[in-house]
Amino acid sequence: MSKELEPLADPGLPEHIHRKADIDPIAAKRAEQQVAILFSLSALGTLLFIYSFFFVKEDAFIFLPILGNTNAHQLGIGLGMAFGLFFIGIGAVHWAKTLMPDQEVIAQRHELKSEPEDRDALVKAAKEGAQAAGLGRRPLIKRSLIGAAALAGLPGVIMLRDLGPLPGKDLEKTNWKTGTRLVTDPGDRPIKASDLEIGAVAQVLPELLPGQKRTLEDIGKDAVLLIRLRPAEFQLDEERLSWTHEGIIAFSKICSHMGCAVALYEQTTKHLLCPCHQSTFDVTRAAKVIFGPSARPLPQLAITLDSEGNLIAKQPFSEPVGPSFWERSS
Amino acid sequence: MKFLSKYRRHKFAAPLLLMTALAALGFTYSVATAAPASNSMSASAKSTLISEGQTIFLKGCSSCHGLNSEGGAVAPSLIGVGAASVDFQVGTGRMPMQDMSQQAMRKAPLYNEEEVAALAAYVASLAPGPASLTNEEITWERDGNTADGGELFRNNCAMCHNFAGQGGALTQGKYAPTLMGVEPKHIYEALITGPQAMPVFSDKVVTPEEKLSIIKWIKAAESEPNLGGASLGRVGPVTEGLLIWTVGIGLLIGIAVWLTAKAR
Amino acid sequence: MSARERVAGTVANYVDERTGAAAYLKKNLQKVFPDHWSFMLGEIALYSFVILLLSGTFLTFWFDPSMRTVVYEGSYQPLKEVEMSAAYASALHISFDVRGGLLMRQIHHWAALIFMAAIVVHLLRVFFTGAFRKPREFNWLLGIGLLTLGIVEGFLGYSLPDDLLSGTGLRIAQAIIQALPVVGTYISFFAFGGAFPGEVFIPRIYTAHILLIPGIFLALITVHLMLVWYQKHTQYPGPGRTEKNVVGYPLMPTYMAKAGGFFFIVFGVTAFLGAVASINPIWLYGPYTPGQVSAGSQPDWYMGWLDGLVRMAPPLETHAFGHTISWNILLPGLIIPGILFTGMALYPFIESWITGDKREHHLLDRPRNVPNRTALGAMALTFTLIALINGGNDIIATHFDLTINQIMWFSRIGIIVLPPLAFVITKRICLSLQRADRELVLHGKETGRLVMLPSGEFIEIHEELSEAKKYTLTQHEQPKAIELVTADAGGVLNPKGIRAKLQARFSAANAENIAKPTAAEVKELESGHH
């Protein structure tokens with residue numbers, strides 16, 4: 001290092017300054033008492049816990065600022081436990097800070113790397129071991145071992161096969177068939193067109209056939225939102241318009257982005273919003289995405305009336321519902 | 001009755017009697033005018049009410065909604081919206097709007113109950129629509145079921161108003177307001193009229209009994225004490241995260257500073 | 001010798017004869033630990049982990065990780081006779097029918113949030129002070145592993161109660177898995193045992209949450225701590241502190257009392273939060289069904305930045321040859337976090353390549369003295385913070401009278417513009433601070449006292465710094481730029497042409513510093529004063 005870049009000299013560790021408690025017996029006594037008080041506070045906390053656990057009713061409530069009307073049992077045992085633990089800690093630290101040695105000591109570091117002799121010895125031992133085993137001389141053994149070891153890992157992967165079924169076409173199917181009646185969720189009541197006023201929505205599911213049960217997997221694919229607008233408000237092509245009935249339009253409620261339930265319908269703007277990632281769909285334009293991360297419109301369900309005037313599905317969904325997946329073709 | 005006959009000739013008897021009679025009359029009158037939807041009201045009382053309502057309307061509403069309620073550039077037509085809509089919008093203070101913001105806010109109502117009733121009667125007279133309701137008619141305590149209401153609430157309401165009815169964001173600055181502290185009749189009226197961005201929940205889709213159950217659940221959530229301590233607004237993990245990064249880590253770092261500071 | 005000492009001696013003798021522990025303990029009880037508040041951050045994480053183990057074990061006594069449908073019969077009235085999964089019902093049971101159950105649930109969840117927050121602040125301390133440099137690169141990698149594992153473990157815990165919020169989170173996680181090209185659908189069907197949500201996922205993640213991941217955690221934490229122990233702790237620069245020594249308190253008794261006490265303090269603070277602040281009130285969310293959702297559905301904060309990235313992603317999907325690739329999910333959900341975490345893991349190696357510095361470092365850097373690194377950290381923090389803010393955009397919108405669309409556009413633009421801006425600004429600030437340090441050493445501290453000279457001129461009195469302070473401000477080494485060698489003396493082109501050029505560029509940027517005062521300059525000024 002050149003002379004002009006010489007840094008300032010290290011003045012060394014500063015002199016140790018004694019604490020009051022080190023030199024003044026009265027201060028030391030006071031510190032001792034403080035520690036004892038802190039430990040006693042902890043004991044009081046534990047007593048509060050025990051009292052609250054056994055003697056404060058679980059349906060007792062107490063009104064406190066900020067907390068509001070709070071459960072007294074929960075608060076009592078919680079605060080009791082908190083104080084019981086907290087003051088042990090505070091006491092111990094105060095003890096360490098005031099009465100235990102506070103003179104900093106210096107320990108030397110040693111370079112982490114091993115001595116050269118040790119390294120050489122290790123390399124030699126490893127080499128000799130490998131040589132003795134004949135690894136270098138018998139490549140056949142080495143290669144077949146590597147191959148066998150790699151293969152031996154396979155059962156661990158193959159055994160996971162029965163974790164679940166193969167997907168098949170499952171993601172592309174729902175329980176909506178031609179003629180399936182739309183029923184309210186919850187309540188399972190069929191819906192007539194006249195039941196919905198302009199601006200009304202309804203959460204619907206496909207009607208269950210006798211003996212059928214509805215699973216969460218079914219709801220995860222079948223949930224549909226029904227919305228009624230003025231027919232003149234639609235800006236749909238002919239086919240999509242034929243999928244509606246007197247201003248009633250049906251969309252899959254399962255978001256085309258990540259599968260949350262999209263049902264925040266704004267009557268004023270005719271927009272549907274997904275609360276998870278804020279994809280916004282325009283109902284009047286077949287749920288076209290107008291904002292947010294979703295790349296596809298919500299699938300539309302074609303609806304019509306049956307002979308009794310109930311709303312039914314005209315045909316199954318024409319595309320898979322829910323989030324995208326590799327095998328999806330559009 | 002001995003007590004009464006004994007004082008019948010007391011010097012205050014006559015004025016007292018007169019006062020009682022007047023009070024009774026006034027009470028009857030006020031009850032009659034305060035019940036706009038009741039069918040027992042005479043035709044003449046009704047027409048008085050409607051004309052009173054029209055006066056208020058022309059003064060306070062027509063500048064936006066038009067002289068004949070036909071609507072205007074900034075406000076919708078009121079023909080056919082019904083008394084329920086008026087009772088909700090004016091009764092919760094949303095109408096008249098103070099400024100042309102995205103959405104009318106709930107605030108202290110400008111008009112008193114009688115005036116709201118008169119306005120409602122006037123708007124209802126334009127074309128038939130949902131009738132307004134009184135809190136007594138909303139028998140949620142008797143006919144509602146909290147657990148069913150919770151299920152219905154989560155299916156129909158929670159996506160906008162949040163899982164605990166605290167409200168939530170909609171697009172472009174619109175929002176679903178909090179449901180805490182809203183009168184039962186106003187919740188019911190909102191469900192059947194679909195005010196502002198809110199859709200309508202028809203009686204065949206969510207039945208009147210189901211609506212009462214929803215109200216019962218909302219009231220249960222509203223009165224539910226804080227079972228686990230400060231509620232943090234019941235808005236989910238955002239406030240929880242905020243608390244941990246301020247109070248939680250802040251407190252612990254503060255203690256760490258004390259712990260490593262040299263004692264004197 | 002008192003009776004007690006005799007007993008203790010007998011026990012110690014018994015143990016030592018069988019383990020030979022005395023020699024080892026003798027050495028290690030004298031182990032020196034430097035004292036600084038920022039060295040306690042990792043301890044907060046460690047202690048939170050212990051709290052998580054304890055409170056989690058308590059919860060397992062009642063939790064039933066099953067998705068079979070049951071009818072709720074517990075004491076929370078608003079859910080009476082509602083159909084739900086056994087997992088959710090048992091989580092309600094813990095909350096309302098086990099005394100102290102709700103407290104423990106809340107302690108467990110708060111401890112998880114503190115655990116993750118402590119890991120992050122600990123990581124920031126290690127990064128900004130350069131504690132990851134040789135020989136501590138392995139421990140940096142272990143730390144990145146622990147952070148990643150913590151995010152996964154936290155998310156699984158959030159998913160276990162099977163309430164409406166946790167189900168929504170799982171739905172999104174499933175969509176990310178399903179979006180993986182080629183294998184996504186298969187992995188999803190294997191993981192969930194069929195279509196989402198299925199009936200096996202909660203029991204499966206329960207095993208991962210309480211056994212597999214905590215086991216890996218324990219192993220990694222053990223190695224992490226053993227390395228700290230073996231390599232000895234780093235220390236802040238100052239008089240008497242060198243690369244060759246470590247200055248602090250011996251383990252026994254001072255450090256042990258402080259660290260042990262701190263465990264109780266962390267536990268106490270967590271219990272306090274569990275007592276006074278509600279967290280994840282699952283009873284209000286209701287049971288999960290895929291047809292329902294709540295407004296303002298967010299993950300816990302440590303996942304919030306990921307959710308924010310997903311929210312702001314552009315609506316991009318590729319449909320080709322009968323297949324779909326969802327960039328709107330893959331980009332924010334896997335690719336960007338992957339780049340971020342890989343970059344973070346490789347940073348120690350990248351920095352040592354840029355500086356060409358292969359020496360051991362035990363003295364920490366003051367962040368201002370390494371402007372490039374500090375600016376890079378500020379840049380990454382800005383990025384994550386914007387993503388996190390966007391993850392709560394709906395709550396922010398309703399509480400601050402903004403619109404979600406405004407916040408979303410702010411984030412979309414901000415996440416590209418603001419991090420580089422943060423880099424430039426931070427670097428400027430660092431250089432200014434270096435300049436201020438230089439001034440301090442050469443001209444002392446401004447006292448604010450004005451004196452009028454006989455000539456009528458006013459001057460401010462500067463107070464000279466102490467020797468110790470001067471040393472602390474000037475002890476660091478300032479890196480020199482690596483000179484670009486394009487060709488050797490014989491005219492042969494450098495075979496590492498492009499890499500060498502890059503290295504030279506980066507190292508030149510890294511070497512931009514305000515020259516620190518030298519001994520000669522200080523001496524000159526001192527002689528001038530007197």
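In what follows, chains carry the letters A, B, and so on, assigned in the order in which the sequence lines appear, proteins first and then strands, with residues in each chain numbered from 1.
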When you compare the side chain of [Y] with that of [X], does any pair of heavy atoms fall below 4.5 Å?
X	Y	answer
A:Asp10	C:Gln475	no
C:Glu199	A:Thr215	no
C:Arg171	A:Pro323	yes
C:Val276	A:Leu75	yes
C:Arg204	A:Leu163	yes
C:Tyr249	A:Glu104	yes
A:Leu166	C:Phe190	yes
A:His110	C:Lys232	yes

Check [X] against [Y] and note the closest heavy-atom contact, atom names and distance.
X	Y	answer
A:Pro11	C:Pro239	CG-CB, 3.9 Å
A:Ala107	C:Val32	CB-CG2, 3.8 Å
C:Ala195	A:Asp170	CB-OD2, 3.6 Å
A:Pro7	C:Ala519	O-CB, 3.6 Å
A:Ser324	C:Thr324	CB-CG2, 3.8 Å
A:Ala92	C:Gly261	CB-CA, 3.9 Å

remark   = Contact list (residues 273-281 of chain A to chain C, heavy-atom gap under 4.5 Å, by number) returns A:Leu273, A:Pro275, A:Cys276, A:His277, A:Gln278
Does any heavy atom of chain A fall under 4.5 Å from the side chain of [X], the backbone, both, or neither of them?
X	value
C:Phe262	backbone
C:Leu102	both
C:Ser75	neither
C:Phe263	neither
C:Asp307	both
C:Leu180	backbone
C:Val246	both
C:Met67	neither
C:Ser326	side chain
C:Pro197	both

query = Does a side-chain N-to-carboxylate-O contact under 4.0 Å join A:Glu111 and C:Lys244?
reply = no
Note: A:Arg109-C:Glu243 ion pair, threshold 4.0 Å (strictly below) = no
ask   = Which residue out of A:Met258, A:Glu327, A:Lys253, A:Arg161 racks up the most heavy-atom pairs below 4.5 Å with chain C?
value = A:Met258
request  = Output the option from A:Cys260, A:Pro293, A:Ala223 having the highest count of non-hydrogen pairs under 4.5 Å with chain C.
outcome  = A:Pro293
message = Could you walk me through whether C:Gln30 and A:Val105 satisfy the side chain to side chain contact (heavy atoms under 4.5 Å, CB included) test, starting with their C-alpha distance in whole Å, then the side-chain angles of each, then the deciding distance to 0.1 Å, before giving a yes or no?
response = CA-CA 10 Å; C:Gln30 293 306 315; A:Val105 294; over 6 Å; no
Looking at [options], which one has more heavy-atom pairs under 4.5 Å with chain A than the rest?
options	answer
C:Gly248, C:Gly291, C:Ala313, C:Ser294	C:Gly248
C:His362, C:Gln292, C:Lys258	C:His362
C:Gln231, C:Gln478, C:Arg99, C:Lys31	C:Arg99
C:Thr474, C:Val183, C:Ile172	C:Ile172
C:Thr270, C:Thr472, C:Asn393	C:Asn393
C:Thr69, C:Val182, C:Ile107, C:Val200	C:Val182

Chain C contact via [X] - side chain, backbone, both or neither, heavy atoms under 4.5 Å:
X	value
A:His73	side chain
A:Leu67	side chain
A:Gln203	neither
A:Leu225	neither

request  = Output all residues satisfying salt bridge (Lys or Arg N to Asp or Glu O under 4.0 Å) with A:Glu319, sequence neighbours left out; order by chain, then residue number.
outcome  = A:Arg328
[X] atom [atom1], neighbour heavy-atom count above 12 within 6.0 Å:
X	atom1	value
A:Trp95	CH2	no
C:Phe33	CZ	yes
C:Lys469	NZ	no
A:Glu58	CD	yes
A:Ile17	CD1	no

task = Carefully, step by step, assess A:Met100 and C:Met256 under the rule side chain to side chain contact (heavy atoms under 4.5 Å, CB included).
result = CA-CA 11 Å; A:Met100 290 183 192; C:Met256 207 182 251; over 6 Å; no
message = Do C:Arg412 and A:Phe291 form a cation-pi contact, if we require the NZ or CZ to be under 6.0 Å from the six-membered ring centre and within 45 degrees of the ring's axis?
response = yes
task = Evaluate the criterion side chain to side chain contact (heavy atoms under 4.5 Å, CB included) for residue pair C:Gln178 and A:Leu171; output intermediate values, then yes/no.
result = CA-CA 10 Å; C:Gln178 191 175 298; A:Leu171 286 177; 3.9 Å; yes
query = Can A:Asp102 and C:Thr254 be said to form a side chain to side chain contact (heavy atoms under 4.5 Å, CB included), step by step?
reply = CA-CA 7 Å; A:Asp102 82 326; C:Thr254 313; 5.8 Å; no
